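Presented below is the structure to which this report refers.
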Amino acid sequence: MQTRWLVLVALSGCVEPAGGPGVDAPVDLEPPRTEALPLAAPDPANNPRTPAKIALGRLLFWDPVLSGDRDVACATCHDPAFGYADPRASSTTVGGRNSMTVLNAAWNGAVAGHTQPDCEQAPMFWDNRARSLEQQARGPLMAADEMMGDRYTAATILPELIARLQAIPDYVARFEAVYGAGQINETTIL
């Protein structure tokens, strides 16, 4: 730490003061001020969080039932032990992509001066190809080289996942408690 300050002090002597040669300018060594994110992530207006919904989402995150071959879960590549990312150069999915962290994804789209990002328009993925957490969650489920695998198509995977969840009494009860009877569908899964 002392070495860094010495280098900073030494380099500051190389910069000509604002008032010209021979004028001592004050040196501001304070870091710029930033605002911390609020403690709670925002909820989309049409999808407020509840304890039951959080519990259901947590189960789905860890359950490989959402992958075409039932062999990987969201948590397979977004491992909490590694900051909800994957430390390997290639993830265990079919395509072997490196998976970035999902931490703080709810803050995507935050703009300086605003306390909340626009949850329905927040850019997701490195190339901004999705515009909400729900659209982001849809991507891996529908990608052959991620969770879908090659046994299903984009047209057949979601009906398959809906049928799988409807066949599991615990999921039927949990979806009913959160969304009402008969509400296991693409929207509620995402």
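FYI, side chains are in, hydrogens and waters are out, and symmetry mates aren't considered; it's all heavy atoms of this structure. On a predicted model such as this, the values are computed, not experimentally measured, just so you know.
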Tell me which pairs pass salt bridge (charged side-chain N to carboxylate O under 4.0 Å, His left out) where either residue lies in residues 162-177, with sequence neighbours left out. E160-R164, D170-R174
Separation between CZ (R131) and CD (Q136), nearest 0.5 Å, reads 13.5 Å
d(L60 CG, I189 CD1) to nearest 0.5 Å is 7.5 Å
With sequence neighbours excluded, residues passing salt bridge (Lys or Arg N to Asp or Glu O under 4.0 Å) with R151: D69
Residue pair P64 / A73: nearest heavy atoms and the distance that separates them: N-CB, 3.8 Å
Shortest non-hydrogen separation from L190 to A137 and the atoms involved: CD2-C, 4.0 Å
Are [X] and [Y] side-chain neighbours, meaning at least one heavy-atom pair lies under 4.5 Å?
{"X": "Q166", "Y": "F175", "result": "no"}
{"X": "K53", "Y": "N47", "result": "yes"}
{"X": "L66", "Y": "L165", "result": "yes"}

Judged by modelled atom types alone, do Y171 and D63 share a side-chain donor-acceptor pair under 3.5 Å? yes
Which residues satisfy the side chain to side chain donor-acceptor pair (under 3.5 Å) test with T50, sequence neighbours excluded? none
Quick one: which of L141, L158, I157 gives a side-chain contact (heavy atoms from CB on, under 4.5 Å) with Y152? I157
Hydrophobic cluster identity match, I54 and L56, side-chain contacts under 4.5 Å: no
Is it the case that one hydrophobic cluster holds both L161 and L59, taking links as side-chain heavy atoms less than 4.5 Å apart, direct or via other members? yes
Determine whether more than 12 heavy atoms belonging to other residues, nucleotides or ligands lie under 6.0 Å from atom CZ of R49. yes
